[in-house]
Enquirer: 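Take a look at the following structure, please.
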Amino acid sequence: MSLAASTIRLAKTIASRPQDGWDIRENADSEHWCVRRGWYEALLGPGSPDWFALERVPCATLVKRGHGRATYRVELGTHTVYAKLAQETGILDKAKSFVLGSPGEREWRLLTKAEVRGVPTVRSLGVAIRAGRAGQSVLVTECPSQAEKLTNAWAPSPESRNSPSAIGTTTPIIEAVARLYATAHGLGFVHGDGHPDNIILSKDQDGGITAMFVDVHPSSLSRQPACAPLCCLALAQLDQHFHRRATQTQRLRFLIAYVTLRWPYGAGSATPALIRQLAGRAAALRIACSAGLARHRDRRLRRDGKYFSSVAVGNGWKATVALILERRHVFAEPSVPDRSLDEWRRILEKTLLPGDESEPPTDSGLSVEIRRAGGVRERLTWALTGSPHRRSFERCHKLRHRDTPARLILGFAEHHSAGLIDKTALFRPDTSTSRAVLTVEETGASDGED
């Protein structure tokens, strides 16, 4: 297994550049690399980490993990870089890799072309695949100095940005992000997942702010300036995250700055009409984006990842739990902590394995409700259509994904016996001083749904 032909072709096309050229290398571990000229020793020299096993490397810190992807921050002496490990998932991704190369190569090619075009994106330093590790790739990118995510740079409370003294803080950020979008769209680049975590701000010595895109794998790059529908969609995606975190005045200032920078010769009487037109389109698209994001969050309920995870407890018990609570900026829940998979495993084992009448650990802050099936017919129904506790858990989080209040449920567990489900457990935050367990055995009893 080697680098894709399109990757090698692009590297050779820009190899003649006096600076920032690329070399194709193969190291002793049968890793095929396309590395930026001048970075080979830092990435692959003596003492360099195993890029395909960063979970065991002390200098690597996990930043985020998604479906088929994991991003690490790696300290390399005087250099700090980010490494994204990607794994093919599903038939479609495997077909893409067969034709276009691994996920890391596809993102590397987009970053490289965007850099040549002049699009403000993070610099890529190298991409690699390893023979014998089909479907795996690693992409290494630069970590700009004094950079932070737009999420962290922007205060979460709109009220704290209303005072006149705060204008000097918000204005440079608004102008930097507007310049980023206007420049990128003018060069034909549209980020496909433009939320604040994928935009970083870097300050220079004079205090000026530069914004750039990261995590560009779902983006598009065309030879012509981006068309109006794609631009509106990108603006709607960003507004989807800021319509709650910024005031209407701040959002309007961003739109004015974007239009002024995007069409510098359109100033005058046409500018207000264009702003109203873009604002109307973006508002309609934001509603569609909100529905699409809700459906995307719903899919997380049935797969392991950052927010939800399945746990095999033992003795026939299987559970699905919430690791990180989403939408905390909508639902104020400071007393409900996020829990790691190991913490949940400890709670579930102490709660479920001893017997049905057990209680969760006293320090867990949880209450548990256990229900038994009324007979073989109900056990079969639960196995085919899902138990009431499963439906309650999924309905709770689907409502929360749509910013609709619902009584919080943190997890559920099902006990499988002879291929059927005979007992279920539901975990909620404990709101009382006693942690009593409610055991429901009647067939027609309440299932704890709201």
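This one's a predicted model, so the numbers in the text were calculated from it and none came from an experiment.
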Enquirer: Just checking, is any N or O donor in the side chain of E75 or T80 under 3.5 Å from an acceptor N or O on the other one?
Expert: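 There is such a pair between these side chains.
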Enquirer: What pair of heavy atoms forms the shortest contact from T385 to R391, and how long is it?
Expert: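 The answer is OG1-NH1, 4.0 Å.
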Enquirer: Got a salt bridge between K84 and D215, using NZ or NE/NH1/NH2 to carboxylate O under 4.0 Å?
Expert: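 Yes, charged N to carboxylate O under 4.0 Å.
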Enquirer: Mind running side-chain hydrogen bond (donor to acceptor under 3.5 Å, both in side chains) on S30 and R130 for me, showing each step along the way?
Expert: CA-CA 6 Å; S30 298; R130 177 183 288 180; over 6 Å; no
Enquirer: Of I347, I324, L325, which meets side-chain contact (heavy atoms from CB on, under 4.5 Å) against R339?
Expert: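 That would be I347.
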Enquirer: For R400, does its backbone N or O pair with a side-chain atom of T404 as donor and acceptor, under 3.5 Å?
Expert: no
Enquirer: Between R262 and C231, is there a side-chain heavy-atom distance shorter than 4.5 Å?
Expert: yes
Enquirer: In terms of side-chain heavy atoms, does H185 have a donor or acceptor partner in Y258 at a distance below 3.5 Å?
Expert: yes
Enquirer: For the residue pair E326 and H397, confirm or rule out a side-chain donor-acceptor distance under 3.5 Å.
Expert: no
Enquirer: Between the side chains of K306 and D338, is the shortest nitrogen-to-carboxylate-oxygen separation below 4.0 Å, so that they form an ion pair?
Expert: no
Enquirer: Hey, are E378 and R371 close enough for a salt bridge, meaning a charged N less than 4.0 Å from a carboxylate O?
Expert: yes
Enquirer: Do the charged groups of R251 and D239 touch, with an N to O distance under 4.0 Å?
Expert: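 Looking at D239 together with R251, the answer is yes, because their closest N to O distance falls below 4.0 Å.
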